[in-house]
K.L.:
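First, the structure itself, so that you have it in front of you.
In the text below, chain A, chain B and the rest are named by the order of the sequence lines, each starting its count at 1.
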Amino acid sequence: MALHSIRSEPAAPTARRSGTEGRQALLVTCRAMTPADTAAAPAARKGALTPRAEDFPRWYQEVVARAELADNGPVRGTMVIRPWGYAIWERLQAALDERIKAAGAENAYFPLFIPESYLKLEAEHVEGFSPELAVVTHAGGRQLDEPVIVRPTSETVINSFIAKWVQSYRDLPLLLNQWANVVRWELRPRVFLRTSEFLWQEGHTAHATEAEARDYALEILADVYRSTMLDVACVPVLTGHKTTRERFAGATRTWTCEGMMGDGKSLQMGTSHELGQNFAKAFGIQFSDAQGTQQYAWQTSWGASTRLIGAIIMAHGDDFGLRLPPSLAPLEVVVVMVKDDDDVRREAAHLVSTLTELGHRVRLDDRTDTGFGRRSVEWELKGVPVRVEVGPRDLAEGNVTLVTRHTRQKATVPLSGAVGAVVTTLGDVGHELRAEALEFRLGHTVAVATVDEAIEAGETGFATIALAALGDDGEDRLGAHAITVRCLQRPDGGLAEHDDEDDLVAVVGRSY
RNA sequence: CGGGCUGUGGCGCAGUUUGGUUAGCGCGCUGCGUUCGGGACGCAGAGGUCCCCGGUUCAAAUCCGGGCAGCCCGACCA
């Protein structure tokens, strides 16, 4: 097996909305954890995570390991997604799948192996991907006559079939999606963010007109991607279109969702492409229109991957580990038995069953032979949104302790109101995480007038600069400082109808 | 592909310059006991081809030669 490789893209756009719904006052006392709560043990510092401010990449790797999200695979650049990480993926998958279907696309599955000749049919496409391709040259004990490529994306195979299935305008639009793994050999792998093999969803559609294809690409961008990221992952994203340089190989236009991570860098979280008639012409996707004239179809393709897990880690995580919105958390609530005591066990079990009956994902932590502190740290690392601590001391007064992960606030609540308090808190978490992430981005975004200012601002966050001020050599100058244009949008953050609009703004920054 | 660095129990490391016989430490792991409302402690244990091959030597984790792997920087990056 010989190989080469490819690449991927990132993005950065607008965000808005952060709403907080009515929340009810929590009963009783609330307090922030004091240093004594966390640093009490002399060894506390030892097993703790490297602070984000000290070394963000290291912090990221530690969170991935300690929250048991993933491990590195035996082949460089590959990853093993562990149960806790995979459960988050399953929830993201469900949210995306539901929206994709609502947009009218149907799931199907195409082969992992693609004839090398297919890749070569679209010039820009091959050129873009060839450096990242994994190519099978031997199989069945002998050299293959035609090398087989492990799909880096499926435009070629899928379009070869769409060509076969589309004859008439009545067959359009054809809206397909597939859940699959793809391979793009990476020189600089980073778990979830950039691995040689990853899981994703790729949509491929064919339409009768350019306008319809564009509308669909935008519908996916907004109603599938932006919605999942904002409403489910609680990560505000900027949406806009890519510059020619950052465009998908073979596309006429690439739309992106860019989120800001905790270190001010941008992560491209999902892209939707207008393919024009490039692939239709390469693969012969033609149809007879109502007048009986042969026409080439207009197409789109769009994808979002396990990279989103990385986005959630980096957009929400803090120095104590992962912080998950309830919508994605494998467990929304953990009821921790502080001590093994009959009353404690009974009340804890009762809370678990009541919350479970209400439809929440809850687990009882009855490992009382393991230290309480250790268990607290463990659930905190894993990002479980709400923890209920049930112990004899509180119970004697008819209370339990409710700990909110993202704020690390502890509240003592009456046993009788515990379920209500948990449900209320769960309802607030997502909004608060979203608002916090948005506030962070806004606080790290600055409007500038010159490329030099953009370079400076790009070191710590995003800079917005008029496309006109960026100039023809702007991207080159930014590139020299590892800064790229994440996306182009209108001054108000809206999507541009045309690339040549006068007042377009470029959002620039460093990226993953 | 260019430059620098590193390979020692599961993880992180010391030891290598000045070869020396039982290869250490922290974390983690197992057992017992005391603990256990924020990463507990004591005692007792388990766990290692010191990256590989070859050479030098009475003796190699340590010295020499070659190889492999990984990391960082750069380049490159749907």
K.L.:
In terms of the angle between their ring planes, are A:Trp89 and A:Trp179 parallel, tilted or perpendicular, with boundaries placed at 30° and 60°?
P.N.:
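Answer is perpendicular, since the angle exceeds 60°.
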K.L.:
Cation over ring, A:Arg151 on A:Phe110, under 6.0 Å and within 45°?
P.N.:
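No, A:Arg151 and A:Phe110 do not form such a contact.
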K.L.:
Just how far, in rounded Å, is P of B:rG10 from CD of A:Glu68?
P.N.:
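That distance rounds to 18 Å.
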K.L.:
Run through RNA chain B and report every stem of 3 or more consecutive Watson-Crick or G-U pairs, distances under 3.5 Å, ordered by first number.
P.N.:
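For RNA chain B the paired stretches long enough to count as stems (3 pairs minimum) are B:1-7 with B:68-74, B:10-13 with B:24-27, B:29-34 with B:40-45, B:51-55 with B:63-67.
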K.L.:
To the nearest angstrom, how far is A:Leu402 atom CG from B:rG37 atom C1'?
P.N.:
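To the nearest whole Å, that distance equals 15 Å.
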K.L.:
A:Leu187 CG to B:rC71 P: how many Å, rounded?
P.N.:
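Computing the A:Leu187:CG to B:rC71:P distance gives 11 Å.
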K.L.:
Can you check the distance between B:rG70 and B:rC52, where both ends of the measurement are the C1' atom (answer in whole Å)?
P.N.:
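Per the computed distance, 15 Å lies between those C1' atoms.
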K.L.:
Looking only at atom C1', what distance separates B:rA14 and B:rC58, rounded to whole Å?
P.N.:
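Pairwise C1' distance, B:rA14 against B:rC58, rounds to 28 Å.
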K.L.:
Can you check the A:Asp369 CG to B:rC36 P distance for me, whole Å?
P.N.:
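So the two atoms are 15 Å apart, to the nearest Å.
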K.L.:
Nearest-nucleotide wise, let me know which of A:Thr370 and A:Arg374 is further upstream toward the 5' end of RNA chain B.
P.N.:
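Per heavy-atom nearest nucleotide, the more 5' residue is A:Arg374.
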K.L.:
To the nearest Å, give me how far apart CD (A:Glu380) and C1' (B:rG37) are.
P.N.:
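So the CD-C1' distance, A:Glu380 to B:rG37, works out to 14 Å.
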K.L.:
Can the positive tip of A:Arg190 be found less than 6.0 Å from the middle of the six-membered ring of A:Tyr60, inside 45° of the ring normal?
P.N.:
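Yes, a cation-pi geometry holds between A:Arg190 and A:Tyr60.
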K.L.:
Keeping the roles fixed (side chain from A:Arg345, backbone from A:Asp340), state whether a donor-acceptor pair exists under 3.5 Å.
P.N.:
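Side chain of A:Arg345 to backbone of A:Asp340: no pair is present.
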K.L.:
Please report the distance separating the P of B:rC29 from the corresponding atom of B:rU22, rounded so that it comes out in whole Å.
P.N.:
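Those two atoms are separated by 31 Å.
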K.L.:
Please evaluate the base of B:rG39 for a donor-acceptor partner in the side chain of A:Arg66 within a cut-off of under 3.5 Å?
P.N.:
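For A:Arg66, whose side chain was compared with the base of B:rG39, there is a donor-acceptor pair (under 3.5 Å).
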K.L.:
Using atom C1' in both nucleotides, what's the gap between B:rC63 and B:rU56 to the nearest angstrom?
P.N.:
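To the nearest whole Å, 8 Å.
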K.L.:
Considering only the P atoms, how many Å lie between B:rU8 and B:rU49, rounded to the nearest integer?
P.N.:
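Roughly 13 Å separates the two P atoms.
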K.L.:
Look at the aromatic rings of A:Tyr225 and A:Trp302 and report parallel, tilted or perpendicular, splitting at 30° and 60°.
P.N.:
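If you compare the ring of A:Tyr225 with that of A:Trp302, the planes turn out perpendicular.
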K.L.:
At 4.0 Å (heavy atoms only), tell me whether A:Asp394 reaches a base, stays on the sugar-phosphate, or touches nothing.
P.N.:
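Base: the residue A:Asp394, judged by heavy atoms under 4.0 Å, touches a nucleobase.
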K.L.:
Looking across every strand, which nucleic acid part, if any, lies under 4.0 Å from A:Arg188 by heavy atom: base, sugar-phosphate, or nothing?
P.N.:
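Touches a base.
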K.L.:
If the C1' atom of B:rU6 is compared with that of B:rC51, how far apart are they to the nearest Å?
P.N.:
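It works out to 11 Å between them.
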K.L.:
A:Leu133 has an atom CG; how far is it from atom P of B:rC76, in whole Å?
P.N.:
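Roughly 20 Å, once rounded to whole Å.
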K.L.:
Using the P atom in both, what is the distance from B:rA61 to B:rA23, to the nearest Å?
P.N.:
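It comes out at 9 Å once rounded to the nearest Å.
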K.L.:
Specify whether A:Phe279 and A:Phe283 have parallel, tilted or perpendicular ring planes, treating 30° as the upper limit for parallel and 60° as the lower limit for perpendicular.
P.N.:
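If you compare the ring of A:Phe279 with that of A:Phe283, the planes turn out parallel.
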K.L.:
Students often get this wrong, so: under 4.0 angstrom with heavy atoms, is A:Trp200 touching a base, only sugar-phosphate, or nothing?
P.N.:
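Answer is base: heavy atoms of A:Trp200 come under 4.0 Å of a base.
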K.L.:
Between A:Arg82 (CZ) and B:rG10 (C1'), how many Å, whole number?
P.N.:
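One finds 12 Å between C1' of B:rG10 and CZ of A:Arg82, rounded.
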K.L.:
Work out how far the C1' atom of B:rG67 is from that of B:rU30, and round it to whole angstrom.
P.N.:
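Straight-line distance between the two C1' atoms is 39 Å.
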K.L.:
Which of these, A:Thr306, A:Leu112, A:Val150, sits in a side chain to side chain contact (heavy atoms under 4.5 Å, CB included) with A:Asn181?
P.N.:
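Only match with A:Asn181 under side chain to side chain contact (heavy atoms under 4.5 Å, CB included): A:Leu112.
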K.L.:
Would you call A:Asp319 and A:Arg408 a salt bridge, taking side-chain N to carboxylate O under 4.0 Å as the test?
P.N.:
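No, this pair does not count.
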K.L.:
Quick one: A:His481 NE2 to B:rA75 P, roughly how many Å, whole number?
P.N.:
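Spelled out: NE2 on A:His481 to P on B:rA75 is 12 Å.
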